[in-house]
Visitor: 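Got a structure for you, questions after.
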Protein chains: 2
Amino acid sequence: MSVSIKDIARAAGVSPSTVSRALNDHPRISQATKARIRQLAQELGYTPSLPARSLVTRHTATIGMVITTAADPFLARLVQGVEETAEKNGYSVFMSSSYRNAERELEVVRAFHERRASGVIITGSQIDDGYLQLSSQFPLPIVLINCRAYPYSVYVDKLSGARQAVEHLVQLGHRRIAFIGGPHGHRSNLDRFAGYRQILEENNISQNDSLIFTGEGTIESGIQAARHMLTIPQPPTAFFCFNDLTAIGVIRALQQAGAEVPRDCSVVGFDDLEMASHYCPSITTVRQPTHRLGQRAISILLELIQGNSNLQPERLPAELIVRESTGPVSEAGLKPYA
Amino acid sequence: MSVSIKDIARAAGVSPSTVSRALNDHPRISQATKARIRQLAQELGYTPSLPARSLVTRHTATIGMVITTAADPFLARLVQGVEETAEKNGYSVFMSSSYRNAERELEVVRAFHERRASGVIITGSQIDDGYLQLSSQFPLPIVLINCRAYPYSVYVDKLSGARQAVEHLVQLGHRRIAFIGGPHGHRSNLDRFAGYRQILEENNISQNDSLIFTGEGTIESGIQAARHMLTIPQPPTAFFCFNDLTAIGVIRALQQAGAEVPRDCSVVGFDDLEMASHYCPSITTVRQPTHRLGQRAISILLELIQGNSNLQPERLPAELIVRESTGPVSEAGLKPYA
DNA sequence: AGGGTTTGTGCAAACGTTTGCATGCGCTTC
DNA sequence: GAAGCGCATGCAAACGTTTGCACAAACCCT
């Protein structure tokens, strides 16, 4: 249907190869012919067919990106970081969502490979280093974000982020600090928990299992966590949450129970969503360098595409952002319901 | 680099066409051969090349989706709606972001066309019905979301949504209702404003220009709007906001100024972000049927792809969700600063 | 036993590009 | 004025697939 190089050739009275060369600015085509052909291409509304071209050049100039879901605030600057560098190197970036579903994730990677994408960047992978086994099925470069078990990856040092967050609470005088975790077994959750435990230990605070809660990283599960913590005999004076959504849920539930944050209880989130700085109270949180994360991911992928496979997981630092949701431990604190 | 149909043919001692037919389950290939070839394809890690196939079938099974930015909460269910129906019909959906930049939007559409996508769905278009002029440059089906000036589109009836919202405020007794608009000149903004004016008029409330504010649809601009409204002699008793982010900004600024929502002032948003139901107070807002919006957009696109061009813009209803941020008008109300 | 049908496979063209090589032409150079 | 050269262009193969047509072998029916 679309107009092809042959149509232009016919209209210009030259061969298809001349048209191709003219459009690619080949030195051995006369200026006159180039001008004429370009004019014609313009008039006929010609757009080259990348599939056809890629067949011979073996290059699609396409990067696939697997995201969890289109509305994840974590993606905003990350995708931007990827796109900026990709564009500079002549690649286009296309996204497709996995919904954190392993089957679907593989389906998406397969879709990219079928289209012969030059490489793939994956966030929130459910497969993780399983890709090492799948390399014959997916013989294209893959870079993972926040999976340090896979050799081609960038990850944020969440252990250090968690340490900073909990240390901040300890320095404010808190000793009964709840840990509201995320989906069970996830590495990023383990890192946060490890940081939490390390700081408690370093400060000779004994770990109290009733202060550990396994959530899902949603507002809803934050609400549940806080409500649960209000039922135990000695409620915590501070919450260290898996992410900002959880923190929002916690704050919400505490406020509904009549408590004030941070007067009666401190809350720390993780991620630094845009919302975190605008919530009421604004939320103390751990920021991941998402833009840089994207930049590094695409850089590693480009290296991989160029054949350099001598790479290691790259670590990026996390940063504590102190805002209004944390304050000195209070004497009153939370009153348990019952 | 990748293994091709020819490699399998060589290994199986048959011709490439037999391999192709075997893999496509052609009826005239013996079961024995099919089994042997499939086995081989599996072992060699063969994945068909869609670019090559599409060249002859003239079908890429690919839908492009232009989004504003990967983190727009508006996209969550919309993309899902698109993907579900697309998948059922054998298409994959890929997204790329325009950042609300006209130049970049065209670049993305061009990228999809170069890759011979079967069609494109665009949200937040800066070009709008300009695509009618560009149809020779982009001879592929395009469906716009929320642009009713373009014949192939689905849009939400924001006029009605705005009317419901403002009427709700009027029924609560409010008469000094501020309108905090979005980016100037946008159609969706005009609709909201029209609904606002209609309801005022129908209730014999004279329009007061000092209660009109042009914002940008961000939290920040909501903050500015509210701060400004606190400086005028007779502050509003209610805010009708362009979107939920603006509403959050407004609420935030009011609270910082010592006011309580909804006791001293009511606030209505637009969009029903997940956050809206979890903010404190939870936000009365207008919900767009985003999932349905996506479903209808892809359905129209599929029609278009099948050659049915006898279509009209389709309208979907908006729905008012009443929550905590609105209440009866108070006697005290907001006190102007100065 | 001979014609017809069915069954399984291969040949070759085509899709829209790119690109190495060949070719034809006009110009310079001795 | 012939040889050589550079310039502009065309021919044809190739990329990985699909598919109409041809073909050969095996089967069936009378």
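Protein chains get the first letters and strands the later ones, always in sequence-line order, with residue 1 at the start of each.
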Visitor: Starting from C1' on C:dG16, measure out to CG on A:L50 and report it in whole angstrom.
Guide: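 Distance, rounded to whole Å: 11 Å.
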Visitor: Quick one: do the A:S30 and A:T33 side chains pair a donor with an acceptor below 3.5 Å?
Guide: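 The answer is yes; a qualifying pair exists.
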Visitor: Which is true for A:P48 with a 4.0 Å heavy-atom rule: it touches a base, it touches only sugar-phosphate, or it touches nothing?
Guide: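 Result for A:P48 = sugar-phosphate.
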Visitor: At less than 4.0 Å, is any side-chain N or O atom of A:R53 found next to OP1 or OP2 of C:dG16? Yes or no.
Guide: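 For A:R53, the contact criterion (side-chain N or O under 4.0 Å from OP1 or OP2 of C:dG16) is not met.
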Visitor: Please list, chain by chain and in numerical order, all residues satisfying ring-ring contact (aromatic ring centres under 6.0 Å, His included) with B:F138, sequence neighbours excluded.
Guide: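 ring-ring contact (aromatic ring centres under 6.0 Å, His included) check on B:F138 returns nothing, list empty.
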Visitor: Keeping to residues at least two apart or across chains, list the ring pair (Phe, Tyr, Trp, His ring centres under 6.0 Å) pairs with something in residues 33-87 of chain A.
Guide: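 Residue pairs passing ring pair (Phe, Tyr, Trp, His ring centres under 6.0 Å), neighbours aside: A:H59-A:Y91.
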Visitor: Describe, as an angle rounded to 10 degrees, how the axis at the first end of the helix from C:dA1-D:dT30 to C:dC30-D:dG1 is tilted relative to the axis at the last end, five pairs per end.
Guide: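 Taking the rotation axis at each end, their angle is 50°.
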Visitor: Calculate the interatomic distance between B:L55 atom CG and D:dG16 atom P; express it in whole Å.
Guide: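 Taking CG of B:L55 and P of D:dG16, I get 12 Å after rounding.
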Visitor: Any cation-pi pair here, B:R104 with B:Y99, using under 6.0 Å and within 45°?
Guide: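 So B:R104 doesn't make the cation-pi contact.
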Visitor: Please state whether the phosphate of C:dC15, meaning OP1 or OP2, lies under 4.0 angstrom from any side-chain nitrogen or oxygen of A:K6.
Guide: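 For C:dC15, OP1 or OP2 has a side-chain N or O of A:K6 closer than 4.0 Å.
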Visitor: Can you list every salt bridge (charged side-chain N to carboxylate O under 4.0 Å, His left out) pair that touches residues 125-143 of chain A, not counting sequence neighbours?
Guide: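 Checked against salt bridge (charged side-chain N to carboxylate O under 4.0 Å, His left out) - neighbours excluded - no pair reaches residues 125-143 of chain A.
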Visitor: Atom CD of A:E114 and atom P of D:dT17: how far apart are they, to the nearest Å?
Guide: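 So the two atoms are 11 Å apart, to the nearest Å.
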Visitor: Sort and list the pairs that fulfil ring pair (Phe, Tyr, Trp, His ring centres under 6.0 Å) and have at least one residue in residues 101-129 of chain A, not counting sequence neighbours.
Guide: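 Those involving residues 101-129 of chain A are A:F112-B:F94.
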Visitor: Atom CZ of A:R116 and atom C1' of C:dG16: how far apart are they, to the nearest Å?
Guide: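 Checked: the CZ to C1' distance equals 18 Å.
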Visitor: Which salt bridge (charged side-chain N to carboxylate O under 4.0 Å, His left out) pairs, counting each pair once, include a residue from residues 113-123 of chain A, with sequence neighbours left out?
Guide: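 As it turns out, there is no salt bridge (charged side-chain N to carboxylate O under 4.0 Å, His left out) pair with a partner in residues 113-123 of chain A once direct neighbours are skipped.
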Visitor: The criterion is side-chain contact (heavy atoms from CB on, under 4.5 Å); which residues satisfy it with B:P151, sequence neighbours excluded?
Guide: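 Residues passing side-chain contact (heavy atoms from CB on, under 4.5 Å) with B:P151: B:L132.
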Visitor: From C-beta outward on B:N24, which listed nucleotide comes closest to its side chain: C:dT18, C:dC15, D:dT18?
Guide: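 Nearest nucleotide to the side chain: D:dT18.
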Visitor: Base contacts versus sugar-phosphate-only contacts with protein, heavy atoms under 4.0 Å: please encode nucleotides 7-13 of chain D as B, S and - from 5' to 3'.
Guide: -BBBBB-
Visitor: Is any side-chain N or O of B:R58 closer than 4.0 Å to OP1 or OP2 of D:dT18?
Guide: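 So the side chain of B:R58 is outside the cut-off, no N or O lying under 4.0 Å from OP1 or OP2 of D:dT18.
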Visitor: Sequence neighbours left out, what pairs pass salt bridge (charged side-chain N to carboxylate O under 4.0 Å, His left out) with at least one residue falling in residues 293-313 of chain A?
Guide: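 As it turns out, the salt bridge (charged side-chain N to carboxylate O under 4.0 Å, His left out) pairs with a partner in residues 293-313 of chain A, which skip direct neighbours, are A:R296-A:E314.
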Visitor: Measure CZ/B:R115 against P/C:dT17 and give the value in whole Å, please.
Guide: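 Value for this atom pair: 14 Å.
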Visitor: From NE2 of B:H59 over to C1' of D:dT17, roughly how many Å is that when rounded to an integer?
Guide: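 Between C1' of D:dT17 and NE2 of B:H59: 16 Å.
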Visitor: For A:S20, which contact category applies under a 4.0 Å heavy-atom criterion: base, sugar-phosphate, or nothing?
Guide: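 Base: the residue A:S20, judged by heavy atoms under 4.0 Å, touches a nucleobase.
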